[in-house]
Amino acid sequence: MRDTRTRRRSVAAPTMERVTSQPAATPFGAFAGQQGIQHSAQQHGQHATEQGQHFGTYAADHLPPTYPERAAWGTAQPLRAWQQEALEQYFRTEPRDFLAAATPGAGKTTFALRLASELLRRGAVARITVVAPTEHLKQQWADAAHRAGIRLDPDFSNGDGDYPRQYHGVVVTYAQVAARPPVHERITRSAPSLVILDEVHHAGDALSWGDAVLEAFGPAARRLSLTGTPFRSDTAPIPFVEYVRDERGIRLSRTDYAYAYDHALRDGVVRPVLFMAYAGTMQWRTSMGDEMRATLGHGDTKDITNGAWRTALDPGGEWIQQVLRSADVRLTHVRQTVPDAGGLVIATDQAQARQYAALLRGISGEEPTVVLSDDPGGSDRISAFSEGTQRWMVAVRMVSEGVDVPRLAVGVYATSSSTPLFFAQAIGRFVRSRRRGEVATIFLPSVPPLLTLAAELERQRDHALDREQSDDQLLDDDAMDAAERGDSDDREAAPFTWEPLESSATFDRVLFGDAEFGQLVEPATEEELDFIGIPGLLDAEDVSDLLKRRHARQAARIRDRPPSQEAPEPLYRNMREERQLLNSLVAIVAKRRGEAHALVHAESRRVCGGPPVAQASMQQLRDRIRYLRKVVDKR
């Protein structure tokens with residue numbers, strides 16, 4: 001029996017009662033036995049398929065714990081413990097609305113279809129509508145439902161008006177519902193309906209989408225909302241989700257059943273994730289013509305961090321090329337024990353995706369699969385990659401959520417997207433476990449927003465409708481775009497375009513759970529291979545022990561190495577870099593205040609002391625830089 005701590009509510013349950021459209025039912029455990037199977041077959045034989053299958057408990061019992069295939073080590077029960085527990089909780093009260101939040105890869109599809117099977121068997125519902133975020137997921141849901149004996153039509157069009165009666169229901173997208181809400185409302189009202197809202201947070205993507213979902217599915221007899229990431233980066237309300245106030249008065253989403261990543265990891269349901277962070281030195285030219293130089297991962301201002309991050313992702317720079325080479329080496333090591341293991345590069349846009357694919361072709365000697373968001377053949381390519389043995393796939397956002405490619409084991413997070421929602425969805429593509437010991441490895445830039453998200457992978461978030469302050473301001477997807485565009489006045493006066501000049505990569509650290517391992521070293525050295533060369537099949541405890549041993553070995557090797565004989569940089573070069581950084585910070589403060597640069601320079605001299613910039617010492621320049629960073633951060 002699972003520890004009941006896997007079941008949680010975001011906040012204390014409200015005093016109000018939920019509306020239920022059916023009387024209380026018998027406990028879920030009562031329908032798991034052979035008697036329930038026989039009853040299902042007798043009552044619903046008219047729904048048998050040509051192969052003699054039928055929907056209901058028997059078919060759902062034979063659905064694997066996680067779709068698309070059963071965990072390789074097998075299970076003693078047809079359902080995972082959390083799925084059984086969630087079903088028992090649902091059937092204790094049979095609420096009209098139920099929100100289940102389970103980490104990606106845990107088996108939400110199986111849970112939902114088992115629930116649908118039983119509601120059909122009992123006659124509580126007669127129709128099923130599944131709403132998915134993307135076209136690709138429509139086919140995926142229909143295939144999974146077929147394995148449970150439920151026939152769903154993924155090709156239903158709004159123009160059809162209704163679907164043929166040989167189906168139990170349809171699979172549609174949120175965009176499809178928003179286009180013609182009355183069509184889906186009419187279907188919902190035509191018979192008692194169960195609506196499954198997959199990744200329900202998407203229903204709040206636009207006001208029209210939320211209104212359409214409310215209109216179309218308000219009359220539903222039952223609504224099951226599913227999410228792997230039960231939060232949004234904005235404060236748009238999610239339809240059919242209940243919000244209750246916490247002790248601070250902030251309205252938070254109320255989850256009926258939650259199965260978080262940390263619980264799933266302890267149960268062996270998902271893979272442990274290693275984050276390989278890479279730093280390096282970046283150089284770029286701003287739109288005002290200033291040449292900037294910064295170290296990726298240092299605690300710089302948001303503007304400088306974004307500039308360095310963007311430079312690192314430039315396909316023409318050495319940083320991304322070296323990270324792709326290291327990731328390919330890691331994939332080769334994993335494939336020694338997991339022969340069909342694949343890798344995925346998540347790019348910012350289509351142009352970069354194509355360029356990354358060209359780089360990977362030269363590195364691996366194999367043509368990668370490229371999936372673009374507006375590509376009509378994208379779904380077929382994802383399916384072919386999932387069933388094949390190719391090494392790499394490159395995608396923009398199409399593989400960020402819900403798409404099942406269980407053999408993905410190595411990822412490169414080469415995108416500027418940094419919201420907690422997108423990050424969790426992207427990492428969720430790698431955590432699905434097929435057999436015990438599989439480890440996922442994600443390569444990413446060593447920048448504070450991503451390192452924070454990686455360290456908080458096990459954090460359970462709730463969707464808040466009220467915010468005291470923007471505590472995720474560094475995690476805003478629009479921050480980098482805004483920094484790159486600048487103000488409209490700046491664009492008119494800007495004599496240059498933003499331009500990456502040079503980048504280099506160094507292996508920074510490994511993040512595993514709440515621990516960090518490794519030191520700054522050059523790529524393709526023994527120190528880097530200590531970490532990217534660990535076996536691809538290890539239990540979480542073994543991963544931690546091995547990382548500790550290799551960290552100690554690396555530290556001893558570096559300590560015993562003779563000191564470098566490289567000549568230090570000339571003083572004038574270091575002074576030039578410090579002056580450039582100071583001038584950039586002055587420009588940032590001046591623009592925000594609407595003041596002349598000279599006034600900001602004068603302020604920093606007054607606070608920190610010293611002569612004008614041209615005569616200032618290295619320490620005096622650094623003192624002013626430190627002061628201006630604090631000024632920028634306060635804003």
Side-chain angles (χ1 to χ4, degrees), residues 19 21-22 44 46-50 53-56 59 96-97 109 112-113 115-117 119-226 238-240 374 376-380 402:
V19 177
S21 57
Q22 299 291 334
H44 298 281
Q46 68 272 23
H47 294 289
T49 66
E50 293 180 0
Q53 293 176 321
H54 61 277
F55 71 82
R96 186 180 186 188
D97 286 291
T109 304
L113 292 174
L115 177 60
S117 295
L119 289 176
L120 283 172
R121 187 186 71 82
R122 296 183 179 196
V125 299
R127 285 192 163 191
I128 297 174
T129 298
V130 177
V131 190
T134 65
E135 289 289 331
H136 177 78
L137 292 178
K138 288 167 60 176
Q139 187 73 43
Q140 196 165 283
W141 266 98
D143 290 341
H146 172 74
R147 296 165 66 91
I150 299 175
R151 298 180 295 280
L152 299 179
D153 181 8
D155 299 320
F156 172 79
S157 169
N158 288 343
D160 296 340
D162 205 346
Y163 56 90
R165 284 298 173 263
Q166 64 262 31
Y167 290 104
H168 296 113
V170 296
V171 190
V172 296
T173 64
Y174 288 99
Q176 192 173 345
V177 174
R180 295 279 298 277
V183 170
H184 302 278
E185 180 188 15
R186 186 167 59 253
I187 293 175
T188 303
R189 289 186 182 279
S190 65
S193 298
L194 166 67
V195 177
I196 300 174
L197 298 162
D198 187 24
E199 303 297 352
V200 68
H201 50 269
H202 280 285
D205 280 354
L207 181 61
S208 60
W209 284 28
D211 291 343
V213 168
L214 286 169
E215 177 184 347
F217 305 122
R222 304 289 176 90
R223 290 180 292 258
L224 172 63
S225 297
L226 305 173
I238 303 171
F240 309 124
D374 61 355
S379 293
D380 292 338

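One-based numbering along the sequence shown.
- In this structure A216 satisfies the side-chain contact (heavy atoms from CB on, under 4.5 Å) test together with V177, H184, sequence neighbours excluded.
- Expressed to the nearest 0.5 Å, how far OG of S117 lies from NE2 of H168 amounts to 9.0 Å.
- Between I196 and T129 the shortest side-chain heavy-atom distance does not fall below 4.5 Å.
- Atom OH of residue Y163 and atom CD1 of residue I187 lie 6.5 Å apart, to the nearest 0.5 angstrom.
- For Y167, there are no side chain to side chain donor-acceptor pair (under 3.5 Å) partners two or more places apart in sequence or in a different chain.
- Pairs of residues two or more places apart, or lying in two chains, that qualify as salt bridge (Lys or Arg N to Asp or Glu O under 4.0 Å) and include a residue from residues 129-140 are E135-K138.
- Between the CZ atom in R180 and the CZ atom in R186 there is a gap of 7.5 Å [rounded to 0.5 Å].
- Residues V195 and A220 share a closest heavy-atom pair of CG2-CB, 3.7 Å.
- Here I238 contributes atom CD1 and E199 contributes atom CD; the two are 10.5 Å apart, rounded to the nearest 0.5 Å.
- Judged purely by atom type and a 3.5 angstrom limit, Q176 uses its side chain to pair as donor or acceptor with the backbone of F156.
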Go through the steps for I128 and L120 under the test side-chain contact (heavy atoms from CB on, under 4.5 Å), then give the verdict. CA-CA 9 Å; I128 297 174; L120 283 172; 3.5 Å; yes
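- Across all non-hydrogen atoms, the minimal contact from A132 to D198 is CA-CB, 4.2 Å.
- No side-chain donor-acceptor contact under 3.5 Å links R222 to the backbone of D97.
- Looking at V170 and L152, their side chains never come closer than 4.5 Å, going by heavy atoms from C-beta outward.
- For A175, the side-chain contact (heavy atoms from CB on, under 4.5 Å) partners two or more places apart in sequence, or in a different chain, are T173, W209.
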Intermediate values then yes/no, side-chain contact (heavy atoms from CB on, under 4.5 Å), V172 and W141: CA-CA 10 Å; V172 296; W141 266 98; over 6 Å; no
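- Partners of S157 under the side chain to side chain donor-acceptor pair (under 3.5 Å) rule, at least two apart in sequence or in another chain, do not exist in this structure.
- For R189, the salt bridge (charged side-chain N to carboxylate O under 4.0 Å, His left out) criterion is met by E185, not counting sequence neighbours.
- Across all their heavy atoms, G218 and R223 have their closest contact at O-NH1, 3.0 Å.
- Between S225 and V200, the shortest heavy-atom contact is OG-CG2, 3.8 Å.
- Partners of S193 by side-chain contact (heavy atoms from CB on, under 4.5 Å), not counting sequence neighbours, listed by chain and number: R127, T188.
- L197 has its side chain within reach of F240: a pair of non-hydrogen atoms, C-beta onward, lies under 4.5 Å apart.
- A search for salt bridge (charged side-chain N to carboxylate O under 4.0 Å, His left out) contacts involving D160 returns nothing, not counting sequence neighbours.
- Rounding to the nearest 0.5 Å places CZ of R151 at 8.0 Å from CD of Q166.
- The closest side-chain heavy-atom distance from Q140 to P154 is not below 4.5 Å.
- Of all heavy-atom pairs spanning T109 and A144, the tightest one is CG2-CB, 3.7 Å.
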